[in-house]
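A short write-up of the structure that comes next.
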Number of protein chains: 2
Amino acid sequence: MTVTLADVAARAQVSPATVSRVLNGNYPVAAATRERVLRAVDELDYVLNGPASALAAATSDLVGILVNDIADPFFGIMASAIQAEIGGPGGRAGGERLAVVCNTGGSPERELTYLTLLQRQRAAAVVLTGGAVEDAPHAAAVAAKLRKLADAGTRVVLCGRPPAPDTEAIALTFDNRGGARALTDHLIGLGHRRLGYIAGPEERTTTRHRLEGHRAALAAAGIEDDPRRTVHGRYDRRSGHEATLELLRRDPSLTAIVAANDSVALGACAALRESGLRIPEDVSVAGFDDLPFSIDAVPSLTTVRLPLAEAGARAGRIAMGREEPPLGGIASVRGELMVRGSSGVPRG
Amino acid sequence: MTVTLADVAARAQVSPATVSRVLNGNYPVAAATRERVLRAVDELDYVLNGPASALAAATSDLVGILVNDIADPFFGIMASAIQAEIGGPGGRAGGERLAVVCNTGGSPERELTYLTLLQRQRAAAVVLTGGAVEDAPHAAAVAAKLRKLADAGTRVVLCGRPPAPDTEAIALTFDNRGGARALTDHLIGLGHRRLGYIAGPEERTTTRHRLEGHRAALAAAGIEDDPRRTVHGRYDRRSGHEATLELLRRDPSLTAIVAANDSVALGACAALRESGLRIPEDVSVAGFDDLPFSIDAVPSLTTVRLPLAEAGARAGRIAMGREEPPLGGIASVRGELMVRGSSGVPRG
DNA sequence: GATCGCGCAGCAAGCGCTTTCTGCATCGAC
DNA sequence: GTCGATGCAGAAAGCGCTTGCTGCGCGATC
């Protein structure tokens, strides 16, 4: 029913071995023979059996990309860049590889399960994107998995994620702390003294790092860090909206709101407007990430640009072994402060 | 080195066959034996070899999801919904399936190549999302591929994509024509007579359908369809920005701009503002899709909401055989007009 | 007590490919 | 003319798993 290597071999009047070699192109085959085989492949419309070759060769051409939320452009942009380098169809790489984008939904269990699934598929490489969860047992479990994957020959790269100790994983981490510091420094420089902070989920490394940067800036300026000025939520606009109302309730005299990311910032803007406050005249707003829509907000969002596409591309190349990993296996990728319309000098 | 089924069998003192049956759970195994096997699996930290089992069983647990642009939330949202139903880790389905999100970048060749790659992997199902390219040879090639996939037992579902004739593929299409018609009807109802239209890439079905809906509305209102009022571009904000400037150049008296989608609409808004025009006082703007950020635009965007997540979920269920396909294998999914701040009565 | 049925486990034959090793020409060199 | 390279193709042994079939031991049946 389905065409197999043997069928092609029969048609081309060669042995299966030869067909395999023509298809994999890593062994000398006479031009005439190759020609004949290729023609037979074409005529029979033969498609290689992936599992079979993966089994025989003990390697597969699957590359896993783990993301927290595929519907979020933050991850979409990285995934897209990674995939472009993985050399799926159209990529520069010769061998065609299938990029598998796995949506963990931010759940540690699903992360682990996907890792197992990829291990099961004998993935050629795995790229984990986005912040990790700060939970010792889980971190250990992930580290163990990553070690096992590495042992099995799977290259592991972390993109926008903190390094995993005791692991061979290459890490390209974003300097969230530095970016947040610069952002809050900017606001303080404008004269703000009462800043609200809308943080992400408590247990995420990204959340903590950004918060630390923010606090470092406050401390450096001698501003007391009132815990009531920080609210935790999810990384989405809805959460930004709710958190802003809460912050305003706690302290109506706030002059600036720093959000965990751009989506949250947009939610904050909406809440401020609904509350009759102008941006930035009454309250300044700042985001993080600089996703494409941020520049279209009105006023456009002051934020920290993260080179998502560049980092993803680099991670992809490293995963494919087409670029040298950074020294020590760890590189910190800096963000860039983008000062735009949503931040200004505080009133009064 | 790596643990195999045989190792587990040895440790549990049973035959490999029994281990396999315990793992697949589709054959009676005595409780005590099962217990013993499971313990051995655990102790040896055994991970099934995916390719090997796929080869032996002639099926795999991979499910392909083709998207045009993974960095675009339009596709991200659908992909996310599909995947949730595919029953990856955490899904309701028992068997764990690996969702493979493939980024075609809108390129017909890559689409085809990915389809081949999925065929090669003997994917369990494939979901194609988003508009197709209107190119007869390519459409035929895709149809042929889909037929072949179906023959091989792969379930094929189209989500937000026109039906593929002569194919067993189930199609869930968006009623782009109807949505566009309603949108332009709304603007005409407000009194607009000079509407600019920023269309997507010429060769896409989505582009054509939306444009047809728009034109149908114009025709119904007896408004001449000046071809100079339509500009084609990509489905991104940049394109919306450029196209708007072009439309304004051609006819500064426009009172409304209808965009191919929300991203394009945002670009249009930016261009209008830069040109010193107010929205909607001077020019009304309308988008399409109702992506999450649309409500945060200022003014919030009048658009057509497409039930992306719902359609994706349904497509996912159908792909998994957990929901009956629609009668005739084709269902049209309607959008809903969302009237918001960006559209108003024209000046004068 | 012999027979049948049934529940459970093992045997062994592949699944379709890769790859090592072997073999046969052909060619150049001495 | 002979021998060793060299270049290319084939034979065959798996890769690790699934599954149809066989077989065994037990309680139920006549």
Side-chain angles (χ1 to χ4, degrees), chain A residues 1-38 40-41 44-62 95-96 117 119-124 152-153, chain B residues 1-38 40-41 44-62 95-96 117 119-124 152-153:
Chain A
M1 218 222 86
T2 57
V3 184
T4 72
L5 234 209
D7 299 331
V8 176
R11 172 143 199 147
Q13 314 219 57
V14 295
S15 71
T18 301
V19 178
S20 170
R21 296 200 263 245
V22 167
L23 262 24
N24 291 295
N26 45 12
Y27 192 88
V29 173
T33 314
R34 149 175 294 112
E35 180 86 358
R36 206 142 33 92
V37 169
L38 257 16
V41 165
L44 295 177
D45 209 8
Y46 170 69
V47 175
L48 192 70
N49 183 318
S53 69
L55 171 58
T59 58
S60 91
D61 47 9
L62 249 50
E96 271 154 6
L117 239 31
Q119 181 186 359
R120 171 178 302 182
Q121 298 297 334
R122 307 299 188 248
Chain B
M1 218 220 86
T2 58
V3 184
T4 73
L5 235 209
D7 298 331
V8 175
R11 173 145 197 144
Q13 315 220 54
V14 296
S15 71
T18 302
V19 178
S20 170
R21 297 201 260 246
V22 168
L23 262 24
N24 291 295
N26 46 12
Y27 192 88
V29 173
T33 313
R34 150 174 293 110
E35 180 86 0
R36 209 145 29 92
V37 170
L38 257 18
V41 165
L44 295 178
D45 208 9
Y46 170 69
V47 175
L48 192 70
N49 183 318
S53 70
L55 171 59
T59 58
S60 91
D61 47 9
L62 249 49
E96 272 156 5
L117 237 33
Q119 182 186 0
R120 171 178 303 181
Q121 297 297 335
R122 306 300 189 249

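Please read these numbers as outputs of a predicted model, since none were measured by experiment. Chain A is the first sequence line, chain B the second, and so forth, proteins listed ahead of strands; every chain is numbered from 1. The analysis underlying the following values was restricted to heavy atoms, covering all of them including side chains, and did not include hydrogens, waters or symmetry mates.
With hydrogens and angles disregarded, no donor-acceptor distance shorter than 3.5 Å links the side chain of R34(A) to the backbone of V22(A).
Using a 4.0 Å heavy-atom distance criterion, A30(B) is classed as a sugar-phosphate-only contact. Using a 4.0 Å heavy-atom distance criterion, A57(A) is classed as a sugar-phosphate-only contact.
Listed candidates were dG20(D), dC8(D), dA9(D). Nearest to the side chain of R21(A) is dA9(D). Checking dT19(C), dA9(C), dT19(D) against the side-chain heavy atoms of S20(B) singles out dT19(D) as nearest. Set against dA12(C), dA9(D), dG16(D), the side chain of T18(A) has dA9(D) as its closest nucleotide. You'll find that the side chain of S15(A) is closest to dA11(D), out of dA11(D), dC17(C), dT19(C). Side-chain proximity of Y27(B) to dG10(D), dA9(C), dC15(D): nearest is dA9(C). Relative to the side chain of V14(B), the nucleotides dG10(D), dG16(C), dG10(C) differ in distance, and dG10(C) lies closest. Of all nucleotides listed (dA12(D), dG16(C), dT18(D)), dT18(D) comes nearest to the side chain of S53(B).
Taking both residues in full, the closest heavy atoms of R120(A) and L48(B) are given as CG-O, 3.1 Å, listed atom of the first, atom of the second, then distance.
Of the two residues contacting DNA chain D, namely A31(A) and P16(A), the nearest-nucleotide position lying further toward the 5' end is that of A31(A). Projected onto DNA chain C by closest heavy-atom contact, L23(A) and A32(B) fall at different nucleotides, the more 5' of which corresponds to A32(B).
Q13(A) places its CD atom 14 Å from the C1' atom of dG10(D), with the value rounded to the nearest Å. Distance L55(A) CG to dT19(C) P: 12 Å, rounded to the nearest Å. If you measure from atom CZ of R122(A) to atom P of dG16(D), you get 8 Å, rounded to the nearest angstrom. Taking atom CG of residue D61(A) and atom P of nucleotide dC17(C), one finds them 14 Å apart after rounding to whole Å. Note: CZ (R36(B)) to C1' (dA9(C)) measures 11 Å, nearest angstrom. Summarising the geometry, the separation between CG on N49(B) and C1' on dC15(C) is reported as 13 Å, rounded to the nearest angstrom. Atom pair L5(B):CG and dC11(C):C1' shows a separation of 15 Å (rounding to whole Å applied). In this structure, N24(B) atom CG and dG16(D) atom P are separated by 17 Å, rounded to whole Å.
R122(A) places a side-chain heavy atom less than 4.5 Å from the side chain of V47(B). In this structure, L5(A) and L23(A) have side chains that are in contact, with non-hydrogen atoms separated by less than 4.5 Å. In this structure the side chain of T4(B) reaches within 4.5 angstrom of the side chain of D7(B), judged on heavy atoms.
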